[in-house]
Amino acid sequence: MPNYFCEEGEHMQSRKSLVSFRGMLQRPKPTDSEADLLREQEQFLTSGATSAANVVRRPDKRRGETGGDGREHNRENEGRKRDVVTIEDLPDQLPSLTPAPPKKSRFKANRVTFDDDAEERLDKHDTHISAVLSRIVERDTSSTPVSLPTFTGMAFPKVLHRSETSSQVPLSSAGGKKSIFARHIAAQRLKEGKTPLYCAPEAAQTPELREKNLSPDASMDTDQRDAAASPTVSGSRLVSGQGLGGPYSSGEIMRIHVENQAKLEAMSQSEIIEEQRKLLTQLDPRLVDFVRSRKAKSVLSSASPSKQPKAKSSKENVPSESEGLPVKRQKEWVHMDKLEPEKLEWMRDLPAPKKKGTKKAMQARFDFAGGLIPPTEDLPTHLGLHHHGEEPERAGYSLQELFLLSRSQVIQQRTLALSTLANILSKARAGEYQSVLTGSVMSTLLDAGLLFLLRFALDDSVEGVMSTAVHALKALLVCAEDEECLDCTFSWFHGIASFPLLPSAQEEEGDEDEGQDETMKEAAKEKEARKSDHDVARQDTVKGLLQMKLLPRLRYILEVVQPAPGAVHDILEVLIRISRHSSSSATQVLDCPRLMETVMSNFLPNSWTAASSPLTQSVYGVPLASAMKLLRVVATSGRHACARLLNSLGVSERLSCLLSAEPSELLLEPTEALRITTEAYRLWAVAAGYGQACKLYIHLYPALVKALQSVHRELAPSDPLLSLQLQRILALLSLLTQVTHTAGCHQELQAGMVSSQGEECPPPPPVSWGHVTGLQALLLGHLKGLVKSLDNPVQKDHSLVLIPAYLIYLEAYYYQLSKQSCFKPVDTLQELEQLTSDILLPIISHSVVQSLIKNLKSSSVVCNGPSSQLRPDTIPSLPGLACAGWRAHLGLVVSSSPFPLLTGLGLLLETITGIHKGLSCKVTGLLLSEPVIGYLRSCSQATPTLSQTRAWLLRHEHHLLYLLLQLAHKLVPIEPEVAKHASLYHQVALVLLTWLLPGSEYLAHEMLSTIIFSKDFIPEGHSGGPEAVELGELKLHEEIQHHPSPSLQAVGTLLREACVQLPSIRGCFLTHLAYLESSVLVSRDALLCCNPWINSHLLPELTGPTLPSDWPFLPLVSLYERTGVSDGGGLAVEQLPPGALQAVTHCLQWLLLLEIWREEALRVKEQKHVIMFDLFLEKPVQKLTWGLFRLLTRLDSLDLNVPPPGLASFQDLYSALLAQYEAVSFGDRLFGCWVLLPLQRRYSATMRLAVFGEHESMLRSLGVTLEQLCIPIERFTSPPEDSLPLLRLYFRSLVTGALKLCWCPVLYVVALSHVNSFIFSQDAAAQEVEAARHSMLRKIYYLTDEVLRNHLLLFRLPHQNSATGFEMYEQLPPIRAKRLESVLGLRDSSDDKGD
């Protein structure tokens, strides 16, 4: 064991020493010098290490050498002749170098064979790289001449240049692709007259071969260039001799070539072709292609222009491959020796665009400014609008290409694409593409995923891309002109309030959820929460952006990135648009972590310094008007949000800081100073509209008085900032108006706190009535000055802008004054008289105002439909106000509009005439003026369309109409001239009632209480109206002597009774509208400016008008919904709710009155009948229903194609009507008349099919006579029926006896008429129709019922006064007789053929 360990230790020690010694040996490095190489060689030799490669001599089996004992001896002898480098473990034989190895069987290699040698089998299957590198033989250079470099006088050799080498020797003579050095050496040898070393000898060719006109396929080894070529044998083209060595290699090559040539000369042409065919079948096709390409290259390289004139002439006829390309080949260019035209196609000159127009739609292309480029416009390429996509000749980028560029890796391309998309969106919002593009650009972009593209771009790490994406998002969401219009109407009556910009799809979903229980609503909320971003954004763009976490990203950009001023303004405007979406969106903006804090600290600081230069590079640390406007819009969403802004975010301190000084003292640019103070006043007015920020009024009272005193000084006509000065004054007046209303509620709230005794009551505001009374005299003086300045052409424009705001302030002052305990009636009446005589009457009678009033109709939104000019591109998921280009055409907001002035004037007149009744007579000229009367007439006949884009304007026009009607309500009883137009005022009130929008419920309540049911506005009731109706129908009554239904003389009595019952009718309708009580109270607080009770200045969602269009039928609808009557039956009168009969009677009286005297107002002609119950059997109800039926049939005004409100179609209502008739009618004639009314020929055949198909049993009890129907029978029988299924039902009911003259006289005549005209019709018809005619006629002829057969065959025409209701022929006319004979003859002939 010790010896073992000793030996083992020595062995391990020797291995370690060997490893360490070998570790000292290193491979030569490229940086080693010659001395280092010699030293490393000496170390290697002294180490005695084994070399990695040995020089051995293996026997060459091809020469017959054998191995064995003489291997070493042969190796030594051979080594003297030639050095051979071998690598161990490599096979001796070279692998097969054929172009393609022969195909072998898949299973042959698996067979067990013992015939071949194992070594040969290994060599045969070895595919390792060593099989190729088995023998490395040094080239024999013994016979190669050595040329010394030429001596020059230069110290260093001349540097080779590509241009010199390419010019010295052509590529063809250089032997193909060679290095620059090789080409230089070849050029030197050519100068010396020597053959280049690497040029292979060319194949020889004899004239005999050229004479054998071989085919192209047969010319494998022959050359057919020219008969004049030298017959001297020059060498083979295929055999180059590169694999041969020794001094006699060239001779061997020539010997092989001569031998081949001799064999070819000895063969005939057919033998050559045959041998070639055999070779082509045996050789690999790739090898054949290789040989042919090699020959083609050699022929091409050896071709010379001097020796080949034919080739030259042929080339001249063929155009050069470089012809038409934008570049020409230059010899100095590297790797341009061979042109590739397909790669240079993009450098060609662009083809000219098509000049001819085409009806085919073409892809829209835009320039970088968003302008649409016409397809025929040829723009220069230096504009950068041409690219290498589709249609390269057309300038501009398509939307698809812009989307692709926006996701590019190149920053500039992303920025350019996003900015172009932003410009396109801006122009699309302005409606510039509407007349030139099909479809909506906005919809196309959003459907393509623009929203997600912009959201991804906001996450870019490059500030420029982020800023451009923000700008594009602003172009998508924000319309600057919409914001301008809303700012202009802020100082109007109730201008602080606005509709939320919610899409209509969301509103419809809200309507669907109304009738669901709590469980269903929770499930709907969960389903809404599971919606994907795409689904949410498709319905509501703003909601989708909020779900995609837009607000935190915008906060990050503002807080961390701190972009350029343009991007900051864009972000603030985007936040403003999001806040206008809804109160929930505004709350999300307010609740976003650090968003509002970032805005307040950076863009509304408490202190700042003046800008060092006018071109500031940053807006951080400087107050911005956009930030203040954002706070104002957020505060509009609710009083709670406003309180958070004032108290938690320090807005009160900012307002005090900005408004305590003059705009010129704020260390800001004059424009920005005016804008931010204007927005500060507006924000304060919004807060005062909730009864908040009142302490600030007390603190800043001196500053407000100072601002008011400087009003006239600031209104210089030459001031370039006059428009901004006007907006600032209007905002200040709006603030004072809201503060006045809030102070007017102080006394009421103080008394409410005392009497409430713990009940919930808003606390009184800090400002009281005494704080605001001192401003009235100052503002009244301003107003007098403005009225006088109307005579000055230079000052009249800005005076017309300011006067409405002063009038609204005075209305607030006098309205609240009348509710104060300090109110002195006598002094106030005198003051109002002086106000009327000094200010109001001069305003009304002034020529400037009169000319302005003439624009009432042209500026109206009600009287004028949507503008035919450019309309903005709006989409349902992103509603807007469509104010693009509002300054270019007439409207409510332009300076030529009289609406703000008349609204302020009407508001003040309503208040002061309520205090001083005697002042009403002094303003009759306003109501009786021709422009106002013409405007009201147009309104009474108008049918305005309701949409989000028009609702905000319609609301202001509704205010003016309401004020005019309220003024008329006070003047009609006392002014005969005004009373002459009472019917017009009543007509306008009726149509306005159905137009009022959400938020105007109080106006609807007031109109129902005062004008709608007022006897003074229905002069027909007390001026012989009922008598006129009776006299007008006297002749008709005389013609119908035996009329079972009540005549229209009785209708006169019903009308007189209805006029007497107008107060009761009003009470009935107000009772059924009690479900709107909460909305009426909210609307009252807003319209009467009860500020402490207002919860939000956002109006309710725009779901439609306040009252349904069928409100005159409301008692009937309410009764039906409360009782829940099913289709199968009804309730008795005793089972109906108390007062149901009286309510139905009042409703029918009102409908009768409207049908006779206000037919235009009752646009909805519905069949809301009391026949759903058995109330129709009651005598008063029956009389009124008969009267309504007679009116409907006489006026012929029913349109049953319009579905009734709440139903999909009239057919649904008629099906319920038929079921009710079968259940409870008892054959009542009145009920039967209502059933027959929709069966007239001009209405849909569906209802006739329902009667004769599904409800055929009712024909037995529908005993209404032609006299009772009061409808001409021709309306049922003309024109002839063309529905074949209905005709078959007519025929079936007659033949089977289901329809008889004694049971249903009207429909019996109708069926007879249609069947008779059908069977004897001579009109050409389809084969099926003609067969039905023949069949019916044959069956009628063979009827056993003689009476029915005569009725069907001899029917002539309906006659209402006849006993049967129709006239008959005594015998068939010849044409009909011939028709009958022909049909029967055909039958007989067919029977004979059958026999």
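The chain is numbered in sequence order, starting from 1. Just so you know, these numbers use all the heavy atoms, side chains as well, and skip hydrogens, waters and symmetry mates.
Formation of a donor-acceptor pair under 3.5 Å by the H986 side chain with backbone atoms of I1018 is not found in this model. With T903 contributing its side chain and F899 its backbone, the two residues share a donor-acceptor pair below 3.5 Å. For the pair S1083 (side chain) and G999 (backbone), a donor-acceptor distance under 3.5 Å is present. Between the side chain of E977 and the backbone N or O of L928 there is no donor-acceptor pair closer than 3.5 Å. Distance alone, capped at 3.5 Å, is enough to place a donor-acceptor pair between the S789 side chain and the L786 backbone. A donor-acceptor contact shorter than 3.5 Å is absent between the side chain of R728 and the backbone of T678. Of the possible polar contacts, one joining the S734 side chain to the L730 backbone as a donor-acceptor pair under 3.5 Å is found. The backbone N or O of S896 sits less than 3.5 Å from a side-chain atom of N855, completing a donor-acceptor pair. For the pair Q795 (side chain) and L790 (backbone), a donor-acceptor distance under 3.5 Å is absent. Without hydrogens or angle criteria, S579 side chain to A586 main chain gives no donor-acceptor distance under 3.5 Å.
T489 is listed as a side-chain neighbour of W952, based on a closest heavy-atom distance under 4.5 Å. Residues L802 and H782 fail the side-chain proximity criterion, which asks for heavy atoms closer than 4.5 Å. The shortest side-chain heavy-atom distance between L1088 and Y815 falls under the 4.5 Å cut-off. Annotation: side chain of L749 is in contact with side chain of P765 (closest heavy-atom distance under 4.5 Å). Side-chain contact between L779 and L810: absent, with no pair of heavy atoms (C-beta onward) separated by less than 4.5 Å. Side-chain contact between K1015 and P1063 is present, with at least one heavy-atom pair separated by less than 4.5 Å. Using a 4.5 Å cut-off on side-chain heavy atoms (C-beta onward), I839 and L780 make contact. I729 has its side chain out of reach of L708: every pair of non-hydrogen atoms, C-beta onward, lies at least 4.5 Å apart.
Here the CD1-CG distance, from I803 to L783, works out to 6.5 Å after rounding to the nearest 0.5 Å. Distance check, rounded to the nearest 0.5 Å: CG of L486 to CZ of F490 gives 11.0 Å. Here S583 contributes atom OG and H1097 contributes atom NE2; the two are 13.5 Å apart, rounded to the nearest 0.5 Å. How far CG of L909 is from CG of L963: 9.0 Å, rounded to the nearest 0.5 Å. Atom CD1 of residue I843 and atom CG of residue L926 lie 11.5 Å apart, to the nearest 0.5 angstrom. Atoms CG and CD1, from L993 and I1012 in turn, are 5.0 Å apart once rounded to the nearest 0.5 Å.
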(message) Walk me through whether K819 and F823 qualify under side-chain contact (heavy atoms from CB on, under 4.5 Å).
(response) CA-CA 7 Å; K819 300 193 301 181; F823 175 61; over 6 Å; no
(request) Output, in order, the C-alpha distance, side-chain angles, deciding distance and verdict of salt bridge (charged side-chain N to carboxylate O under 4.0 Å, His left out) for R632 and D487. (result) CA-CA 11 Å; R632 188 244 298 178; D487 292 342; 3.1 Å; yes
(message) Please evaluate residues V705 and L775 with respect to the criterion side-chain contact (heavy atoms from CB on, under 4.5 Å), reporting the C-alpha separation (whole Å), side-chain torsions for both, the decisive distance (0.1 Å), and the verdict.
(response) CA-CA 8 Å; V705 174; L775 297 177; 4.0 Å; yes
(request) List the steps and the verdict of side-chain contact (heavy atoms from CB on, under 4.5 Å) for K796 and D791. (result) CA-CA 7 Å; K796 69 176 183 178; D791 299 326; over 6 Å; no
(request) Evaluate the criterion side chain to side chain donor-acceptor pair (under 3.5 Å) for residue pair Y809 and Q776; output intermediate values, then yes/no. (result) CA-CA 9 Å; Y809 166 79; Q776 186 262 349; over 6 Å; no
(message) If you apply the rule side-chain contact (heavy atoms from CB on, under 4.5 Å), what do you find for H959 with L907, and how did you get there?
(response) CA-CA 9 Å; H959 291 162; L907 195 64; over 6 Å; no
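Minimum interatomic distance between L919 and T913 (heavy atoms only, all atoms of both residues): C-CG2, 4.2 Å. Nearest approach of L659 to A703, heavy atoms of both residues: O-CB, 3.6 Å. When every heavy atom of R1066 is checked against every heavy atom of S1009, the shortest pair comes out as NH1-O, 3.1 Å. Scanning all heavy atoms of the two residues, the minimum distance from S920 to L971 falls at O-CD2, 3.0 Å. Heavy-atom minimum distance, N1091 versus A688: ND2-O, 3.3 Å. The two residues L908 and L807 make their nearest non-hydrogen contact at CD2-CD2, 3.8 Å.
In this model, no donor atom of one side chain and acceptor atom of the other lie less than 3.5 Å apart for Q747 and Q816. Judged purely by distance below 3.5 Å, without hydrogens or angles, the side chains of R1084 and H1005 never pair a donor atom with an acceptor atom. Side-chain contact annotation: E975 with T924, donor-acceptor N/O pair under 3.5 Å absent. A donor-acceptor contact under 3.5 angstrom links the side chains of S860 and E957, judged on distance only.
Taking S660 as the reference, L700 meet the side-chain contact (heavy atoms from CB on, under 4.5 Å) condition, with sequence neighbours excluded.
For H640, the NE2 atom counts as loosely surrounded, since its 6.0 Å shell holds 12 or fewer non-hydrogen atoms of other residues, nucleotides or ligands. Other residues, nucleotides and ligands contribute more than 12 heavy atoms inside 6.0 Å of the CD atom of E484.
The pair K629-E483 meets the salt-bridge criterion, since a charged nitrogen lies less than 4.0 angstrom from a carboxylate oxygen.
Applying the side chain to side chain donor-acceptor pair (under 3.5 Å) definition to pairs two or more places apart or across chains, those involving residues 681-690 are E679-R682, R682-Q727.
The distance between the ring centers of W769 and Y813 falls below 6.0 angstrom.
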